[in-house]
Amino acid sequence: MATAAATQTKNKSVLWDWLTTVDHKKLAVLYLIAGTLFFVKAGVMAVLIRIQLMTAENDLISGQVFNELITMHGTIMLFLAATPLLFGFMNFAIPLQIGARDVALPFINALGFWIFFFGGLLLSMSWFFGGGADAGWTAYVPLSTREFTGSGMDFYALGLQVSGFGTLISGINFIVTIINMRAPGMTMMRMPLFCWTGLIMSILIVVAFTPLAAGLALLMLDRLFMGQFFIPDYGGNAILWAHIFWIFGHPEVYILIMPAFGIISEVVPAFSRKRLFGYSAMVFAVILIAFLSFMVWVHHMFTIGIGPITNSVFALATMTIAVPTGIKIFNWLFTMWGGKITFNTAMLCASSFVPTFVLGGITGVMLSMAPVDYLYHDTYFVVAHFHYVIIGGIVFGLIAGLHYWYPKMFGHMLNETLGKITFWLLYIGFHLTFFIQHILGLIGMQRRIYTYMSGQGLETMNMVSTIGSFVMSAAIILLVVNIVYSAFTSERITVRDPWDARTLEWSTPTPIPEYNFAQIPQVRSLDPWFYEKVHGDGKMKPSEPLKDIHMPNGSILPFLMALGLFIWGFGMVMINMDVPTVVTGIVIAVGFIMTFGTMVLHSKEDHGYYIPLERVKKIEKEVG
Amino acid sequence: MAEELSKPFDKSAMTLQERAEHSKETRIQIISFAFMIGLTVLSFLAVGTEVLATGFVVPFILLLGVIQFFLQLFYFMHLKDKDHGWPNMLFSSGLVLSAPVVISLILLLGIVKW
């Protein structure tokens, strides 16, 4: 029985293999590719926005298109670029770091990716059907109701709903994986911090994406089925949307920054040659930040008129977040303190993350003071603040993670010289773009305006900001060039541990066999790989004999199920278009049948297959 | 091993002792179900008979609701069983996170409404 299924991974075409894969390492690559595509798309939008604002009274882009650009830029960057890029690294590193052969639910993992991808595609379809979503990424009602906005917002509601499902089930999958799939000896408090932040992020996803799904469902009912949840004229409540959105929206930004914290907490100790300072305090701080992130959403709505008492309560709650964040900042600093630091690209990104994030954090505390927020609200100060935490936090984290895990993922290093130039370009371009926006905001330039008058003292600073955005674009282009260049010129890496790092993923051979660990390792300490290098014989102790390895079967069903949801969602959007009802009905029916039909197909039992012992031994000889 | 996986669970993996525990569990479920039906009937009676004052009925029904909520979680959804530490943790953190949200929404939405 075991031998019969063993050969079935062979004889697949490359395309079919990638479409049907349930391997967490391949899905990680898919996540990275899809995330990068969306990142580039939203980045081009950002450059267009900056070009429009370069000079006073510029008429390159109309106000409508500008609204669509800022909305899609924000939405895509948060939901379809940052989240999947982080999911990519989590997918790759978390099973390896906890000593597992795959995530707990590989099928669900693939399903999560494809649903996210098709949700993003659905949102992007809006450009071809009457323009993108145009009510801001927050989609505040009444602007986003059917009265004021076109089909772009239908695509927003449905596209985010679909991609939100994908994110939600991936989050659940990570929780189950981290709780159930840890290797023997890998207790919770021996987990690398990236796993901890991944776990907390996933819990936040489960708790925060559900209100979003509910809110988007209400918005969809309002827009497509003549609902009136948010329309005051019919007894609805417009403030309800703002509440629901920010109950989701505030944890969302912590969902994004958590794994970035995790990446920094992996990279900094690895290149400082020290263990992470204050590990348990770091874990405590992450949990505390996660808890507080749910208690502060009203600070986005200070000027909505809820009242001074509520504002004060939420202002205080917001300020307390600075405490656990400060704990983390100091721990990173103390990790570097006295360490033997190697400043390669990953470490440059990780260490410059710290001061940049502090800048973003400080403006955050400034914004949290409710009375002063009346001045800052809806100005470029806010724009500068959140770009400092998002680019200074997440993008630097991502680039650090990319350079750090790249040899393990693809079997060769990224070019260091190009990497360092990328970093400096990005670092300089980023501060050039956004530092000056603090000042722009303070002298009164509003967010979300597509043009401004000349002679108000805004031209020079906007010009500087735009030049900075060009420098940042150059950095990202250089990063892509680096990836292509390194693929052709870099030496193959055959050693397990090119960085002399500390965590379990570096104990696997490069390239990693599909089963990750021939024998699940026995973990004896925090930083298990470092422990074995120093106290053991430089190899992980196995916790089981070498035997047949049970692996999940690949399946095309996740792809088809997600495609079904895409068609279904598109059919729903068609309700508001000028097409015959019958056509709309047919499209919806096709999507519905496809989604649930593939679920019925999936209910057939599938116990996976075994890689026989001989083959495992052969592979181990080849890679070891 | 895979053949075993295709069998119904109680035929493949459960010992006699486990099966006895399983039927005991079923009994507990039925009893708690009956108890919860009783609680529901009680709250319907409290309103329907129109004997009790409103000031008493509202907190009374809320109390019954809370009891029922915990019965649901702990008896129907097995939170009382051992090795349920993680579900317990996740359920309680969900509660801790959502209770303030719901309460403040109730309090705040009445103030600003347009």
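Chain naming here is simple, since letters A, B, ... match the order of the sequence lines and numbering starts at 1 in each.
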Residue part contacting chain B, namely of [X], when any heavy atom lies under 4.5 Å:
X	result
A:I244	neither
A:L240	both
A:M301	neither
A:V206	neither

| field | Sequence neighbours excluded, every pair satisfying ring-ring contact (aromatic ring centres under 6.0 Å, His included) that has a member inside residues 38-57 of chain B | value |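 Applying ring-ring contact (aromatic ring centres under 6.0 Å, His included) to every pair that reaches into residues 38-57 of chain B, excluding sequence neighbours, yields B:F56-B:F60.
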| said: I'd like to check the ring-ring contact (aromatic ring centres under 6.0 Å, His included) partners of A:H299; sequence neighbours left out, ordered by chain and number. | reply: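 Listed in chain order: A:H250.
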| query | Going by distance alone, is a donor N or O of one side chain under 3.5 Å from an acceptor N or O of the other, for B:D81 and B:H78? | reply |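 Distance-only check passes for B:D81 and B:H78.
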| query | B:S104 versus chain A, heavy atoms under 4.5 Å apart: side chain, backbone, both or neither? | reply |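 Contact with chain A is through the side chain of B:S104 alone.
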| task | State, to 0.1 Å, how close A:N311 and A:F302 come at their nearest heavy-atom pair, and which atoms those are. | result |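 Closest approach of A:N311 to A:F302, heavy atoms only: ND2-O, 3.1 Å.
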| query | Quick one: do B:R27 and B:E21 make a salt bridge, cutoff under 4.0 Å? | reply |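 Looking at B:R27 and B:E21, the cut-off is not met.
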